[in-house]
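All remarks here apply to the structure that follows.
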Amino acid sequence: MKKIAILAGDGIGPEIVPQAVKVLRALGRSGERFSFEEGAVGGAGLEAADDPLPPATLDIVLRSDAILFGAVGAPKYDHLPHTRKPGAALRRLRKELGLFANFRPVMLFPELIDASTLKPEVIDGLDMLIVRELNSDIYYGTPRGRVDTPDGERASINTMRYSASEIERIAHVAFQAARSRRRKLCSIDKSNVLETSALWREVVSEVGRDYPDVELTHQLVDSAAMSLVRNPRQFDVIVAGNLFGDILSDEASMLTGSIGLLPSASLGDNNKGMYEPIHGSAPDIAGKDLANPIATVLSAAMMLRQSFAMEEDAVRVENAVRAVLAAGIATPDLALPGARIVGTQAMGDAIAAALA
Ligand code: IPM
Ligand code: MG
């Protein structure tokens, strides 16, 4: 029996996560293959225990085999210091569990080729993987915070920092991923301006000598942002630091038609991973049964594959999603011509039904 920690979080989180649980239960037939334990996180953690990552939630996480995470954040917490903001829960979980490698596959479902804002000929056959470093960079660097000047002007700083060993370990992960795909790796940096990026480029190149069969290229992040919309199919695997990976993966998601489609897996040195949609809590559409649960359902499929070695079940879930889209069923975020638009729950029901 696999123990799954369920951290739905805020906004649309509590709407989309139950759809993925529904799909996992439908897979489990008797419901005995997985057990689920829910914990409060983010704004929900603040409400329940005055902590974005309450100790009780961390306990659930620590005794689980994998974590299914929804989304955190809401405007009402914007004024809190960064250690108490809902997003702090995510940063702590990623760091405390050593989840340094974030996999964000960007794949176009052929059924959705007309849902993208890009021309079909630009995205046809799109299949790339973004490997984002998740434990370092400006997200964690110190010093950080307010440093008002002596004459009272408000000022703030953050520190972008990478050590060679942090770059090395994510580079190995990315090269290995490229090996199992089309053997092309594009490393992202801003080495024309940043020392951190110069080190990044240097270390990734050194690691590349161990992978002569993988074609390594380097691209500046601004230019990569442009290439992603101009000719995205040139990319196989992209490796980027925490901040650049965050930004480029949101951009890349829109190639597929909606940010509501992209799953992610965060992994460390063992199989215990955290799985979450790449999108946020979307407070503007929360509580309205409008959110697309597909990214979360596909995150659950990644969990089956990567944490539980249940490849067959992962494929069943992915095929069920495709079958539903092929049947012309879509949530409102998917501008799919001629589709029958359904809500979050009905989409979850349809995917679960398509498993049968
Ligand atoms: C993501 C999100 C998070 C991040 C936020 C919510 C802290 O944007 O997972 O991409 O920046 O990592
Ligand atoms: Mg992001």
Side-chain angles (χ1 to χ4, degrees), residues 7-14 16-17 20 41-46 51-53 57 61 67-78 80-106 128-141 144 158-160 162 166 170 188 221 224-225 228 238-256 258-268 273-286 291-292 295-296 298-299 302-303 333:
L7 310 187
D10 309 320
I12 59 172
I16 53 178
V17 168
V41 76
L46 284 163
D51 185 344
L53 184 60
T57 298
V61 163
I67 304 138
L68 186 64
F69 193 98
V72 290
K76 72 181 271 207
Y77 307 112
D78 283 350
L80 293 173
H82 84 271
T83 51
R84 285 182 45 81
K85 280 196 168 69
L90 209 43
R91 284 203 314 274
R92 278 187 56 196
L93 281 169
R94 290 167 175 175
K95 189 80 169 181
E96 286 173 30
L97 301 175
L99 307 172
F100 69 88
N102 184 219
F103 295 83
R104 299 189 160 187
V106 182
M128 76 172 107
L129 172 69
I130 298 181
V131 177
R132 170 187 174 196
E133 199 287 328
L134 213 52
N135 271 186
S136 185
D137 203 351
I138 199 162
Y139 275 59
Y140 295 95
R144 65 182 292 158
N158 288 95
T159 302
M160 183 177 264
Y162 262 116
E166 289 167 338
I170 193 70
I188 306 298
V221 62
L228 269 177
I238 286 178
V239 63
N242 208 343
L243 181 64
F244 298 156
D246 177 46
I247 298 167
L248 291 184
S249 55
D250 265 32
E251 185 191 1
S253 73
M254 276 316 290
L255 305 171
T256 68
S258 166
I259 194 169
L261 294 169
L262 256 62
S264 84
S266 304
L267 291 159
M274 182 156 79
Y275 299 84
E276 53 175 311
I278 79 152
H279 62 70
S281 55
D284 53 323
I285 60 165
N292 186 345
T296 315
L298 293 175
S299 298
M302 289 186 89
M303 173 188 290
D333 55 305

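Both ligands and their constituent atoms are indexed starting at 1 by order of listing. This structure is a prediction, so every number in the text was calculated from the model and none was measured. These values consider heavy atoms only, across backbone and side chains, with no hydrogens, waters or symmetry-generated copies.
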Q | Partner set under salt bridge (charged side-chain N to carboxylate O under 4.0 Å, His left out) for Arg84, not counting sequence neighbours | A |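 Residues passing salt bridge (charged side-chain N to carboxylate O under 4.0 Å, His left out) with Arg84: Asp50.
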Q | Under the salt bridge (charged side-chain N to carboxylate O under 4.0 Å, His left out) test, residues paired with Arg91 that sit two or more places apart | A |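 Salt bridge (charged side-chain N to carboxylate O under 4.0 Å, His left out) check on Arg91 returns nothing, list empty.
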Q. Non-hydrogen atoms of Lys85 versus ligand 1: any pair closer than 4.0 Å?
A.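 The answer is no: ligand 1 sits nowhere under 4.0 Å from a heavy atom of Lys85.
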Q: Would you confirm whether Asp10, through its side chain, and Ser281, through its main-chain N or O, come within 3.5 Å as a donor-acceptor pair?
A: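 Side chain of Asp10 to backbone of Ser281: no pair is present.
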Counting non-hydrogen protein atoms only, what is the nearest one to [atom]? Give residue, atom name and distance.
atom: atom 1 (C) of ligand 1; value: Arg104 NH2, 3.4 Å
atom: atom 9 (O) of ligand 1; value: Arg94 NH2, 2.7 Å
atom: atom 7 (C) of ligand 1; value: Leu90 CD2, 4.2 Å
atom: atom 8 (O) of ligand 1; value: Asp246 OD1, 3.2 Å

Q) Do any nitrogen or oxygen atoms of Tyr139 come within less than 3.5 Å of a nitrogen or oxygen of ligand 1? A)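 Looking only at distances, the answer is yes, because the N/O contact criterion of under 3.5 Å is met.
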Value rounded to 0.5 Å, distance of [atom1] in [X] from [atom2] in [Y]:
X: Asp137; Y: Asp246; atom1: CG; atom2: CG; answer: 10.0 Å
X: Ser249; Y: Met254; atom1: OG; atom2: CE; answer: 13.5 Å
X: Thr296; Y: Leu262; atom1: OG1; atom2: CG; answer: 11.5 Å

(Q) Give the atom numbers and elements of ligand 1 that come within less than 4.0 Å of a heavy atom of Arg132. (A)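 Checking each atom against Arg132, I get 1 (C), 4 (C), 9 (O), 10 (O), 11 (O), 12 (O).
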Q) Do any N/O/S atoms of Asp250 come under 2.8 Å of the Mg ion (ligand 2)? A)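 Under 2.8 Å: Asp250 has no N, O or S contact with the Mg ion (ligand 2).
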Q: State, yes or no, whether a side-chain contact exists between Asp333 and His279 at a heavy-atom distance under 4.5 Å.
A: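 A side-chain contact under 4.5 Å is absent here.
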Q: Restricting to N/O/S, name the atom of Asp246 that gets closest to the Mg ion (ligand 2).
A: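 This turns out to be OD1.
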